[in-house]
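I have placed the structure first, in the form of structure tokens, so that the comments after it can refer back to it.
What you see below is based on every heavy atom in this structure, not just the backbone, and it leaves out hydrogens, waters and symmetry mates.
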Amino acid sequence: MDAVKVEAEAWNKNMDRLASEKEAALAQLASAETQLRSLKEKALVQAKKIEEFQSRLGSATSDRERLAIELAADKSEVETAKTNIDAMVAVYRSDAEAAQVRAKKVAESAQARANWIAEHAKCQSRRETLEEIHARGFDLTAEIENAKELEAEARVLAFPDDDDSGSMSASESREGLESEDAALGED
């Protein structure tokens with residue numbers, strides 16, 4: 001019986017040891033569960049932060065893509081505007097060159113006309129002088145006729161748009177001047 005008692009006590013000690021080990025294991029398990037819950041909460045908080053960062057990243061990426069598209073469109077508009085400006089500058093330069101050519105032609109034409117007007121005035125003055133001399137009794141009919149012809153030609157060249165002499169040919173103008181001379185000769 002002593003042996004059974006000793007054995008029972010050994011069993012009791014083992015049971016006490018097992019009970020204390022069980023309590024220690026339960027305490028460790030409770031601590032592990034607490035740590036696990038705490039880690040799960042931290043993991044959930046970090047998962048939410050990750051989702052938020054991913055959302056921000058997606059928003060930033062879409063903003064970047066939108067800005068890249070806008071930049072490309074702006075570059076295209078700038079290039080189009082630059083091309084249009086270059087074309088307008090070319091047209092303006094062409095127009096300015098054409099205007100300069102026209103102005104030069106007009107100036108040359110005006111200069112030529114001024115020369116013919118001066119020539120006409122000289123011819124007219126010469127004719128008038130010859131007529132004055134003729135009026136004093138000198139026979140300068142041939143010179144007066146020649147001066148009238150030169151004056152008529154100079155008038156046509158000096159005043160091409162003039163209705164009085166511009167519409168007449170040089171020969172018609174000479175005939176008109178001859179009739180004027182005949183009338184002067186009768187005086």
Side-chain angles (χ1 to χ4, degrees), residues 48-187:
K48 286 182 182 179
K49 284 183 181 179
I50 288 172
E51 286 178 11
E52 184 181 323
F53 286 137
Q54 284 177 338
S55 172
R56 283 183 180 172
L57 179 62
S59 175
T61 302
S62 80
D63 286 348
R64 184 181 59 93
E65 289 172 355
R66 180 183 52 79
L67 289 173
I69 290 169
E70 287 178 8
L71 178 63
D74 289 347
K75 282 183 180 178
S76 174
E77 288 177 13
V78 167
E79 288 299 319
T80 301
K82 184 179 175 184
T83 302
N84 289 343
I85 288 170
D86 289 344
M88 288 176 12
V89 166
V91 167
Y92 291 146
R93 282 185 180 157
S94 173
D95 289 349
E97 289 171 1
Q100 286 177 345
V101 168
R102 283 191 303 271
K104 185 177 179 181
K105 286 181 180 178
V106 167
E108 289 171 353
S109 174
Q111 181 63 38
R113 184 166 181 186
N115 290 340
W116 284 114
I117 290 172
E119 185 65 28
H120 173 259
K122 281 196 301 186
C123 290
Q124 186 177 12
S125 174
R126 183 168 186 259
R127 179 189 52 82
E128 289 172 356
T129 302
L130 290 173
E131 286 177 349
E132 285 177 14
I133 294 171
H134 179 71
R136 291 184 183 159
F138 293 97
D139 186 20
L140 300 174
T141 309
E143 286 85 1
I144 292 173
E145 286 300 317
N146 188 24
K148 286 181 180 180
E149 288 177 14
L150 290 174
E151 181 184 357
E153 288 176 11
R155 180 180 303 175
V156 168
L157 293 171
F159 305 106
D161 298 333
D162 197 10
D163 290 336
D164 294 339
S165 63
S167 61
M168 293 190 288
S169 68
S171 62
E172 291 173 338
S173 185
R174 277 188 220 120
E175 290 172 7
L177 290 175
E178 287 173 4
S179 64
E180 287 179 18
D181 184 44
L184 284 175
E186 292 174 3
D187 289 336

Q. How far does CZ of Arg102 sit from CD of Gln100, to the nearest 0.5 angstrom?
A. 10.5 Å
Q. Who pairs with Glu132 by side chain to side chain contact (heavy atoms under 4.5 Å, CB included), at least two apart in sequence or on another chain?
A. none
(Q) Please report the interatomic distance CZ(Arg126) to CD(Glu151), rounded to the nearest 0.5 Å. (A) 11.0 Å
Pairs of donor and acceptor atoms involving the side chains of residues 48-55, under 3.5 Å and at least two apart or interchain, shall be tabulated with distances.
from, atom 1, to, atom 2, distance (Å)
Glu52, OE2, Arg56, NH2, 3.2

Q: Could you grab the distance from atom CZ of Arg113 to atom CG of Asn115, nearest 0.5 Å is fine?
A: 12.5 Å
**Q.** side chain to side chain contact (heavy atoms under 4.5 Å, CB included) against Glu119, all qualifying residues, sequence neighbours excluded
**A.** Trp116, Lys122, Cys123, Ala154
Q.
Can you confirm whether Lys148 sits close enough to Glu131 that some side-chain heavy atom of one is under 4.5 Å from a side-chain heavy atom of the other?
A. yes
**Q.** Residue list, side chain to side chain contact (heavy atoms under 4.5 Å, CB included) with Thr61, at least two apart or on another chain
**A.** Leu57, Arg64, Glu65
Q: List in chain and number order the residues that pass side chain to side chain donor-acceptor pair (under 3.5 Å) with Glu108, two or more places apart in sequence or in another chain; answer none if no residue qualifies.
A: none
(Q) Holding to side chain to side chain donor-acceptor pair (under 3.5 Å), I want the full list of residues that pass it with Asp74, two or more places apart in sequence or in another chain. (A) none
**Q.** Under the side chain to side chain contact (heavy atoms under 4.5 Å, CB included) test, residues paired with Thr129 that sit two or more places apart
**A.** Ser125, Ile133
Just distance, no hydrogens or angles: give the donor-acceptor pairs under 3.5 Å from side chains in residues 81-97, sequence neighbours left out.
from, atom 1, to, atom 2, distance (Å)
Thr83, OG1, Glu79, O, 2.8
Asn84, ND2, Thr80, O, 3.4

Q.
Can you list everything that forms a side chain to side chain donor-acceptor pair (under 3.5 Å) with Glu70? Sequence neighbours excluded, please.
A. Arg66
